[in-house]
Every structure is written in structure tokens, then in C-alpha cells.
Amino acid sequence: MSVALRTDREGGHATLVPTGSFDLSHATEVTQAVSDAEASLNGCRSVDVDLTQLDRIDGAGAVLLARLLDRLEADGRQASVKGDNPEATRLIALYRERRTILPAPQIRTTNPLTRIGAVVAQLPGKANDAFDFIGRCAVAIPKAAVTPRSVDWRSLPSLMQEIGADALPVTSAANLVVGIIIGLLGISELGRFGANSYVPELVVVAHFRELGPLVTAIVVAGRSGAGLASKMATMKVSEEIDALRSMGFDPVRWLVLPRCLALAVTVPLLTWVGDLLALVGGLVATVVMTDMTPHAYMEGTLKAITASNLLTGLIKAPFLALAIGLIACGQGLLTRGGAAAVGARTTTAVVLAIFSTIVISALFTLFFALMGA
Amino acid sequence: MPSRPHITVDDLRIGYGTRVLMEHTTFQVERGTIFAILGGSGCGKSSLLRHLIGLERQQAGRIDIDGVGEPSQYEGVPPFGVLFQSGALFSSLTLAENLWLPLNRWTPMRGATAHELVQAKLDLVGLGAFAEYLPGEISGGMKKRAGVARALVLEADLLFFDEPSAGLDPISAVELDQLIITLSRDLGITVVIVTHELPSIFLVADNCIVLDKAAKGIVAQGDPRKLRDESEIPFVHAFFTRSSYDVTANPGG
Ligand SMILES: Nc1ncnc2c1ncn2[C@@H]1O[C@H](COP(=O)(O)OP(=O)(O)OP(=O)(O)O)[C@@H](O)[C@H]1O
Ligand SMILES: [Mg+2]
């Protein structure tokens with residue numbers, strides 16, 4: 001069925017006669033017909049649209065005709081609908097009535113300097129959010145001590161299972177591989193000086209002091225950080241956090257505290273297990289690649305394990321764990337919007353968590369170096 | 001009006017797993033009418049709607065939409081528009097983009113024309129000024145109205161509205177009712193609507209079914225005004241007169 005908009009002119013008056021189906025499936029043709037007809041209306045003072053010959057009309061057709069009439073009137077012409085077609089008339093009237101006149105859209109500035117400025121201007125606000133959150137967490141601890149029932153202790157075992165026990169295979173594997181890498185590196189570098197017997201010490205020092213806590217924390221940040229952040233973000237966008245608040249719970253005490261605690265307990269344990277596996281990795285690498293016996297390797301290792309080496313590493317672990325927990329939960333709680341915001345927040349949380357783990361590790365190293373430990 | 005009903009439901013049984021929500025359910029929806037599905041909270045109105053639009057497979061019985069057949073088997077241009085109870089707007093898209101999405105997928109409309117159609121639909125529900133807002137930035141009632149606009153955008157001749165006026169102020173609710181009446185009377189669209197709003201039921205609905213959780217099915221059907229005045233069934237009577245047989249006293253579950 002063809003669509004047409006015929007123009008009948010008598011001097012300054014014109015009658016537009018739409019014929020055919022003015023509906024969504026013909027909207028392209030209708031748009032074309034409307035703009036053609038509009039172009040032929042030069043010099044007309046009044047325009048009628050005669051709806052009698054219309055075969056079919058739906059919302060889309062009505063919109064296009066309604067907007068044509070609106071434009072004609074805006075040009076100072078008289079425009080009206082006639083013809084015996086009450087349905088179409090009412091429909092067009094409805095679309096004309098319920099029209100919002102929008103202010104001209106604001107043009108977004110795309111000047112790169114402006115954008116940099118806008119990003120920088122957000123930084124104090126973001127830092128403020130972060131400090132505010134840390135402050136609330138700090139306040140939550142004494143409050144939780146006073147009212148232990150405001151903390152969801154019951155979730156603690158399952159959280160430790162999720163965050164700690166379930167992460168064990170992957171942190172162990174990562175530490176084992178890193179142990180092997182340090183071993184191989186030691187063999188190739190120290191071996192040139194015939195100092196293979198120092199490989200066990202290298203593995204202990206490098207892994208216990210630096211890489212062990214770091215590797216474990218990065219794996220936990222990626223795994224549990226993402227899990228925590230997305231869980232909290234989902235709870236936030238589905239108004240569960242608001243519901244908690246309305247029932248008098250403090251989400252920081254109820255949700256964040258147990259999660260941080262679970263992390264602070266399990267990450268040192270994971271680190272410790274990881275340290276052991278790194279030793280195994282170093283042992284395997286050395287025994288396979290050189291003529292050192294396992295027994296000699298163990299002796300070298302035992303000599304190198306001092307309280308200082310072990311503790312400088314392990315002492316970092318709970319701090320790294322806290323950073324991961326605070327960042328993941330804090331980012332989650334900052335979420336605003338819908339499902340898409342959850343994904344974006346989770347990504348931010350993981351990136352921030354991994355980055356801050358590295359920075360905190362470096363700060364500890366610097367501190368110990370200055371202290372001469 | 002063609003004599004064939006727009007929707008035919010025959011001896012339908014629906015439920016989840018082993019739990020049966022409704023059985024021996026038979027009704028028809030005539031073309032161009034407004035059909036209300038009524039019943040207490042949790043009696044399975046939304047579930048029935050999900051079956052009618054083919055999101056869920058029935059356990060037994062037959063659903064037939066004229067020109068479409070079994071809705072769960074249908075593929076192609078959606079033959080109906082749906083407003084979900086929660087609005088179900090895509091949270092990462094603006095309202096305009098939410099409406100534009102089906103238009104872009106199923107019609108050749110692009111550019112200015114598409115924009116004009118989308119804007120007109122938003123205007124129709126009074127959201128013209130919020131086209132660039134994200135669903136997270138508008139109120140609950142506005143989400144409902146945006147969902148209505150999205151349901152209208154493909155100009156389908158069958159619409160399913162799950163509680164369209166829940167959460168709306170009386171004025172917006174009446175405007176929405178008027179819109180539904182216009183759609184049905186002037187465009188001949190069939191509207192199936194789940195609602196609890198009595199004034200709206202009496203104003204818009206040509207026909208209705210009343211579901212009851214205990215009876216696992218339809219307890220009454222017909223013209224809601226007649227049911228209100230004539231029904232002998234205590235549940236139906238209480239429902240329409242808002243009397244003490246409190247339908248909300250047994251919340252869903
Ligand atoms: N996906 C599902 N899986 C299992 N059970 C479900 C599911 N969806 C709904 N139900 C159950 O079906 C019953 C009816 O739910 P439904 O959402 O259809 O109720 P309703 O009549 O729309 O209620 P309301 O008026 O509160 O919206 C409820 O008891 C619910 O527990
Ligand atoms: Mg429902």
C-alpha cells in the first residue's frame with residue numbers, strides 16, 4: 001500500500017490529503033512524504049489536513065502528522081485537521097497536547113583542558129570520600145566493641161571460608177611458581193660466580209620479605225576484592241543497604257567490619273602457606289638445575305630463615321588485607337545507579353586494590369630499609 | 001471487530017517446579033478490548049503475564065495469540081509491548097536510548113525520525129524533559145511511565161501492563177488511564193493489564209478475571225462493574241468493595 005501526502009492548493013489555502021498507511025512500518029515513506037509536502041507549501045497562509053482518505057494510522061504516523069502541524073503553526077500559519085476520522089483526529093490531538101517544549105540542548109565542552117580540569121576538580125571530593133569512609137570504619141571499631149550485636153559475627157566463618165580457604169589453591173600455586181622463578185633467576189645469576197649455594201638464601205629473603213606477601217595480596221585483591229566489591233555494589237543498587245540503614249543497622253559495622261576482619265585473619269595465613277610453597281618451588285628448581293642435594297638446600301634455607309626475614313613479611317600481610325577490604329567495600333558502598341554501575345565499581349575496586357597493595361608493600365620496604373632491619 | 005479472540009487461554013496450568021500456581025484456567029481476550037487481571041498479592045498475576053508473553057513454558061494447556069500462535073515459540077518482531085512490574089529499564093542507557101533500542105533493532109528508522117518518535121512517546125507519558133536521564137536518576141513512578149513508553153514504541157497491537165499505575169500520583173494515574181483508553185478505543189489495541197487500583201479498573205477495563213491463590217485459578221470473570229454489583233462470591237465481593245476479607249492479609253509466598 002503506497003503512502004502519499006497530496007497537496008491541493010487554492011491561492012493561500014492548502015489541503016493536505018494523506019492516503020495509505022501512516023504507520024511505523026511505513027514511517028520512512030511518511031517522513032519523506034511529509035517533508036515533500038512541507039516544501040510545496042510556500043506562500044500558504046492556512047493548511048488543512050484531511051484525514052478521510054487515510055487507510056490506517058498508528059502512533060508513529062500520528063506523531064509525524066502532529067509534528068507537521070506543530071511546525072506549520074510555529075511558522076505562523078493556520079493549521080487544522082478535518083475530515084470524518086475521529087480516531088485519527090483524537091490520536092493526533094493527544095500527541096500535540098502532550099508535547100514538551102525542550103530547552104535547546106547544552107553543548108558539552110570537549111576542550112581537553114576543561115576535561116583535565118574537571119577530573120582534577122573531582123580529586124579533593126574523592127579523597128574526601130575515602131577519608132570519610134576510613135573515618136567511619138575507625139569509629140565503627142570502638143562502637144562495635146561496645147555493641148557487639150551491631151556486627152554480623154555469624155557471617156564470619158563463612159566469610160573466612162570464602163575469602164581464605166577457597167583462595168588457598170590459587171594463592172599457593174602462584175607462590176609456588178614465584179618460588180621457582182626466584183630459584184631459576186638465582187641459579188642463572190649467582191651461578192656465574194659459582195655461588196649456587198646462596199640460592200636458598202635468595203629465595204628466603206626475596207620471597208619472605210617482599211614477594212610472598214605481595215603475590216598473595218595481589219591474588220586476593222583480584223579474587224576476593226572483586227567478589228566483595230560486586231556484592232556490596234549489588235546490595236547498594238538494589239536498595240538493600242538502604243533497607244539495612246532503615247532498620248537501624250550501620251552497614252559499616254554490619255557488613256564491612258566482618259569482611260575486613262576475615263581478610264586480616266586469612267591473608268597472613270595464606271601468606272605463610274605461600275612462603276612454604278615458594279621454598280618448595282626454589283628447592284625443585286635448584287635440585288633439578290644444579291647438582292645441589294635437597295639436603296644441602298634445606299640446610300641453606302634453615303640458616304636463612306631468621307625472625308627478621310619472616311616477620312618483616314608477615315607483618316605486612318594484615319595491612320595489605322585491610323587495604324583490600326576497605327577499598328573493595330568502600331567502592332561497593334559508593335555505587336550509584338543500576339547494574340552497569342556495579343561492573344564499573346568492581347573494576348575500579350580491583351584496580352585500586354592491586355595498586356595500593358603494591359604501594360603499601362613498597363612503603364613498608366622503605367620503612368624497614370630506613371630502620372636498618 | 002473480527003470474531004476471533006486476540007488471546008485464547010485453554011485449560012492452562014502454570015507453576016514453578018512442583019508448585020502449581022494456577023490450573024484449569026480458561027479465558028479469552030477479545031481484540032481491541034481492555035482486559036484486567038485481578039487478584040491478591042502473590043496469587044500469580046505477574047507469573048500469568050510472563051506465560052502470556054512466552055517467557056515461561058506452561059506445565060499444561062494452551063496459550064494462543066492470534067497471528068502469533070504459542071508465544072514461547074514465537075521469533076521475530078515482538079508482537080506485543082510489555083511493561084514489567086519493576087519497570088525493567090536498562091540501567092546503563094538513558095530513557096531515550098531505552099526506547100530507541102527496540103526501534104533500532106526492528107525498524108529501519110534512524111536519525112531525526114527515530115528521535116522524533118522516541119521523544120513523542122516520552123512526551124506522551126509526561127517524561128519529555130527526562131529523555132537524557134538514566135533510570136537510576138528518576139523516581140519509581142517515572143520508571144513505570146518510561147516502561148509504558150518503551151512498551152508503546154513498536155506500535156504493537158497488543159500491550160501487557162503489569163501494575164502500570166502502582167506508585168503514581170492520582171493525576172498521573174488518571175492520565176495513564178486515559179492514555180490506555182485512547183490506545184484501545186482509537187487504535188484498536190488490545191491491552192492486558194494487571195492492577196490493584198479499583199478506580200482504574202472500573203474506568204478502563206471492559207472485562208476482567210479475578211484470580212485467587214487458594215482456589216488456584218479464576219474465581220470470577222466478566223465486566224468488573226457487574227461483578228462489583230452482582231457477585232455472590234465473598235472474595236470477589238470483598239475485593240471490589242475493599243471490605244474486611246482483606247486480600248493483602250496473606251502476603252505472597
Ligand atoms: N521465578 C520464580 N520461581 C519460583 N517461584 C516464583 C517465581 N516467580 C514467582 N514465583 C512465585 O509465584 C507466586 C506468584 O508470584 P507473582 O509474582 O506472579 O505474584 P503476583 O500475583 O504478581 O503478586 P503481586 O501482586 O505482589 O505482584 C509467588 O508466590 C512467588 O513465590
Ligand atoms: Mg506481580
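Letters A, B, ... are given to chains in the order of the sequence lines, protein chains preceding strands, and every chain is numbered from 1.
Interface residue B/Leu124: backbone and side-chain heavy atoms are both found under 4.5 Å from chain A. Both the backbone and the side chain of B/Glu175 have a heavy atom closer than 4.5 Å to some heavy atom of chain A. If you measure heavy-atom distances from B/Leu103 to chain A, the contacts under 4.5 Å come from the side chain alone. For chain A, no part of B/Val77 is nearby; none of its heavy atoms comes within less than 4.5 Å. For a residue to count as touching a neighbouring chain, one of its non-hydrogen atoms must lie under 4.5 Å from one of that chain's; by this rule A/Thr31 touches chain B with the side chain only.
Among the candidates A/Ala340, A/Ala27, A/Ala60, the residue making the largest number of heavy-atom pairs closer than 4.5 Å to chain B is A/Ala60. Looking only at heavy-atom pairs under 4.5 Å with chain A, the residue among B/Leu179, B/Leu152, B/Leu89, B/Asp157 that has the most is B/Leu179. In terms of heavy-atom pairs under 4.5 Å with chain A, the best-connected choice from B/Ala129, B/Ala112, B/Gly136 is B/Ala129.
Here the side chain of A/Lys231 pairs no donor or acceptor atom with the backbone of A/Cys329 at under 3.5 angstrom.
Ion pairing of A/Asp50 with A/Arg6 is absent here, as no side-chain N (NZ or NE/NH1/NH2) approaches a carboxylate O to less than 4.0 Å. Look at A/Arg56 and B/Glu155 and you find no salt bridge, because none of the NZ, NE, NH1 or NH2 atoms lies under 4.0 Å from a carboxylate O. The residues A/Arg67 and A/Asp70 are annotated as salt-bridged, a charged nitrogen and a carboxylate oxygen being separated by less than 4.0 angstrom.
Other residues, nucleotides and ligands contribute at most 12 non-hydrogen atoms within 6.0 Å of the CZ atom of A/Arg45.
Here the shortest heavy-atom pairing between A/Pro251 and A/Ile241 reads CG-CG2, 3.9 Å.
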